[in-house]
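None of the values given here were measured: they were computed from a predicted structure. Each ligand, and each atom within it, is numbered from 1 in the order the structure gives.
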Amino acid sequence: MGSYSTSEVLNAAAVGVHHPALRLHELDLKGSMSAEELPTTSGLENGHQAPFVIGVAGGASSGKSTVCKMIIDQLCDQRVVVVTQESFYYGLSDEELVHVHDYNFDHPDAFDTDLLLSCMEKLKHGKAVDIPSYDFKTHKSISCARKVNPSDVIILEGILLFHDSRVRDLMNMKIFVDTDADVRLTRRIRRDTIEKGRDIIAVLDQYSKFVKTAFEDFILPTKKYADIIIPRGADNSVAIDLIVQHIRTKLGQNDLCKIHPNLYVIQTTYQIRGMHTIIRDAATTTHDFIFYADRLIRLVVEHGLGHLPFREKQVITPTGSVYTGVDFSKSLCGISVIRSGESMENALRACCKGIKIGKILIHREGDDGKQLIYHNLPKDIAKRHVLLLDPILGTGNSAVQAISLLLEKRVQEANIIFLNLISAPQGVHVVSKRFPRVKIVTSEIELGLNDDFRVIPGMGEFGDRYFGTDDYQSSTPFFADDKNRVGLL
Ligand SMILES: O=P(O)(O)OC[C@H]1O[C@H](OP(=O)(O)OP(=O)(O)O)[C@H](O)[C@@H]1O
Ligand SMILES: O=c1cc[nH]c(=O)[nH]1
């Protein structure tokens with residue numbers, strides 16, 4: 001870790017001052033989103049938003065893959081895929097194999113760049129692709145070896161990625177990992193002799209014959225195309241933090257919490273991403289959908305409860321010691337928005353013994369209009385903190401109807417915590433603008449809404465999938481014996 005803080009470097013960059021932690025060429029640091037620039041339907045094509053493509057180039061053993069890994073780890077709440085240029089090595093012919101030591105693997109002609117371009121074109125248009133794999137032992141290419149799905153962020157990594165202008169043109173951000181030649185050579189010797197068991201003379205021979213000259217002739221000249229040059233590669237964590245901040249800004253998701261301080265997105269983990277992957281998959285059975293939605297709901301409910309006020313409380317432990325803790329808030333209730341919100345009642349009951357739960361029914365008229373048609377709320381609701389339950393925040397119309405009713409019943413705006421599984425930025429914007437003191441707790445922020453006002457990527461019609469009333473899963477049994485799970489409509 002260098003001795004510079006991220007904000008120090010950002011400030012330096014923002015006012016155009018050179019900072020030694022990174023060299024900025026064209027990085028647009030003024031790109032943070034205002035509320036008006038939040039993703040809208042028009043920014044999305046058939047529900048697909050073009051991925052952010054990052055190119056990471058630099059000499060062999062410069063630490064490119066470690067830089068990529070650090071970026072991926074920090075972007076763990078985004079869908080990120082890495083595509084390596086090495087996957088696009090041409091396989092060697094029998095004749096080339098005989099003279100493999102004379103083959104220049106560091107030359108631009110060693111790569112099937114046309115195939116790389118066609119794969120990237122598909123990924124950029126939101127289509128899954130089959131990527132080849134190159135076997136470093138046999139020097140053969142295996143076509144269609146790995147399926148890569150479209151993602152929010154695509155990282156392209158390789159020594160010669162900036163050599164071909166068509167490949168460069170694919171990239172939203174170009175990073176050059178600039179590591180000293182002696183460090184690269186030392187790493188190469190260590191990797192090839194210790195990890196690959198190769199003879200040191202052969203390694204040095206290849207280095208001086210091909211690797212060094214290719215770096216000077218083809219790789220180094222492409223450094224000028226980089227937007228960001230990272231000195232010291234993966235050791236430069238300040239530069240990597242900055243890059244991640246910039247990507248987040250461009251994706252426009254993290255900023256939502258800055259624009260709306262009432263929005264709380266639960267800290268993601270790979271477990272949470274895994275659960276989301278299952279419930280978002282159209283092929284998931286009703287049984288699995290319920291199981292994983294329930295797990296996620298429980299996490300959101302627990303997180304939401306953490307926003308309730310508390311009083312300090314001391315207890316005596318079995319060892320006779322004093323434990324200073326807190327006492328749960330007692331005056332609360334849940335209000336579920338029929339019917340999808342009812343799926344969240346069990347989790348709330350499991351966390352808050354004996355909690356009162358009221359209901360609100362909002363009727364959807366057409367695709368956008370909503371009308372409140374029924375409610376049954378605790379009589380003393382005005383004195384309570386209210387956990388409003390509805391797994392989907394889309395346009396925000398239903399939430400606005402529900403919250404308006406609660407305010408009519410004299411619930412304090414600051415006493416409302418709206419719990420949901422997924423929130424579209426549009427809904428967050430609408431609810432927060434109208435009710436800035438209502439807290440919104442969610443597990444993921446979505447890309448936006450489609451032309452039918454459905455959340456995308458979303459999970460389809462939540463109520464139908466949870467209560468088993470959707471067409472494509474109608475043969476799957478659901479919990480007809482559980483009155484909470486048979487919708488009330
Ligand atoms: O933010 P909005 O655009 O208003 O969308 C969100 C609403 O849509 C869903 O209910 P839906 O109307 O699908 O009814 P259901 O729960 O009965 O299936 C969801 O449970 C919300 O209530
Ligand atoms: O995408 C959406 C929008 C509203 N309600 C849902 O269940 N899904």
Side-chain angles (χ1 to χ4, degrees), residues 38-41 44 46-48 256 260 263 276 279-282 284 286 289-290 293-294 296-297 300 334-345 347-348 358-375 387-406 416 418-435 438 440-474 478 483-489:
L38 291 171
T40 58
T41 318
L44 307 162
N46 298 327
H48 161 71
L256 213 55
H260 302 296
L263 171 68
H276 267 283
I279 64 172
R280 284 153 183 285
D281 185 345
T284 294
T286 305
F289 185 85
I290 293 168
D294 282 349
L296 277 170
I297 288 168
V300 170
I335 302 295
S336 64
V337 178
I338 301 171
R339 84 189 144 148
S340 297
E342 295 176 299
S343 67
M344 302 175 78
E345 292 179 2
L348 186 58
K359 291 182 194 273
I360 294 177
L361 175 59
I362 295 157
H363 177 61
R364 194 191 312 167
E365 286 182 332
D367 269 329
D368 203 15
K370 299 274 162 96
Q371 195 194 345
L372 181 95
I373 56 172
Y374 165 83
H375 60 85
L387 295 151
L388 181 63
L389 311 175
D390 193 340
I392 314 274
L393 171 59
T395 61
N397 286 335
S398 312
V400 166
Q401 294 273 355
I403 296 166
S404 302
L405 173 72
L406 297 177
I416 301 171
F418 177 30
L419 306 181
N420 64 66
L421 280 186
I422 56 172
S423 288
Q426 289 90 335
V428 172
H429 195 42
V430 165
V431 172
S432 308
K433 209 167 164 189
R434 188 108 179 242
F435 312 110
V438 169
I440 302 173
V441 177
T442 190
S443 65
E444 277 193 355
I445 299 292
E446 299 293 286
L447 286 177
L449 300 174
N450 65 14
D451 293 340
D452 298 323
F453 302 102
R454 315 322 289 160
V455 181
I456 44 176
M459 54 181 88
E461 296 305 307
F462 185 94
D464 284 339
R465 296 191 72 191
Y466 193 92
F467 295 112
T469 48
D470 50 342
D471 292 340
Y472 44 86
Q473 294 293 341
S474 54
F478 63 100
K483 68 176 166 30
N484 281 318
R485 284 182 168 146
V486 183
L488 292 180
L489 292 178

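The shortest N or O to N or O distance between Gly341 and ligand 1 is not under 3.5 Å. At a 3.5 angstrom cut-off on N or O pairs, Ser340 counts as close to ligand 1. Below 3.5 Å of separation, one finds an N or O of Gly394 facing an N or O of ligand 1.
Looking at every heavy atom in both residues, Gly448 comes nearest to Ala424 through O-CB, 4.1 Å.
Here the options are Val428, Ile422, Val430, Val455, the test is side chain to side chain contact (heavy atoms under 4.5 Å, CB included), and the partner is Leu393; only Val428 passes. With Ile416 as the partner, the side chain to side chain contact (heavy atoms under 4.5 Å, CB included) test is satisfied by one option alone out of Ile403, Ile335, Leu387: Ile403.
Remark: Phe462 pairs with Phe289, Tyr466 by the ring-ring contact (aromatic ring centres under 6.0 Å, His included) rule, at least two apart or across chains. Shown here are the side chain to side chain contact (heavy atoms under 4.5 Å, CB included) partners of Val300, two or more places apart in sequence or in another chain: Ile266, Leu419, Leu421, Val441, Ser443. When the side chain to side chain donor-acceptor pair (under 3.5 Å) test is applied to Thr442, the partners found at least two apart in sequence or on another chain are Asn420, Ser423.
Residue contact check: Thr395 has heavy atoms under 4.0 Å from atoms 1 (O), 2 (P), 3 (O), 4 (O) of ligand 1. Listed by number with element, the atoms of ligand 1 under 4.0 Å from a non-hydrogen atom of Glu461 are 13 (O). Close approach to Asp390 involves these atoms of ligand 1, each under 4.0 Å from a residue heavy atom: 19 (C), 20 (O), 21 (C), 22 (O).
Between Asp464 and Arg339 there is a salt bridge, with a side-chain nitrogen of the basic residue lying less than 4.0 Å from a carboxylate oxygen of the acidic one.
Protein residues with a heavy atom closer than 4.0 Å to ligand 2 are Ile392, Arg454, Val455, Gly460, Glu461, Phe462, listed by chain and number.
Judged by distance alone, the side chains of Glu342 and Ser336 never bring a donor and an acceptor atom under 3.5 Å apart.
Interatomic distance, Leu372 CG to Ser404 OG, rounded to the nearest 0.5 Å: 9.0 Å.
Ligand 1 has Gly396 within reach: a non-hydrogen atom of the residue lies less than 4.0 Å from it.
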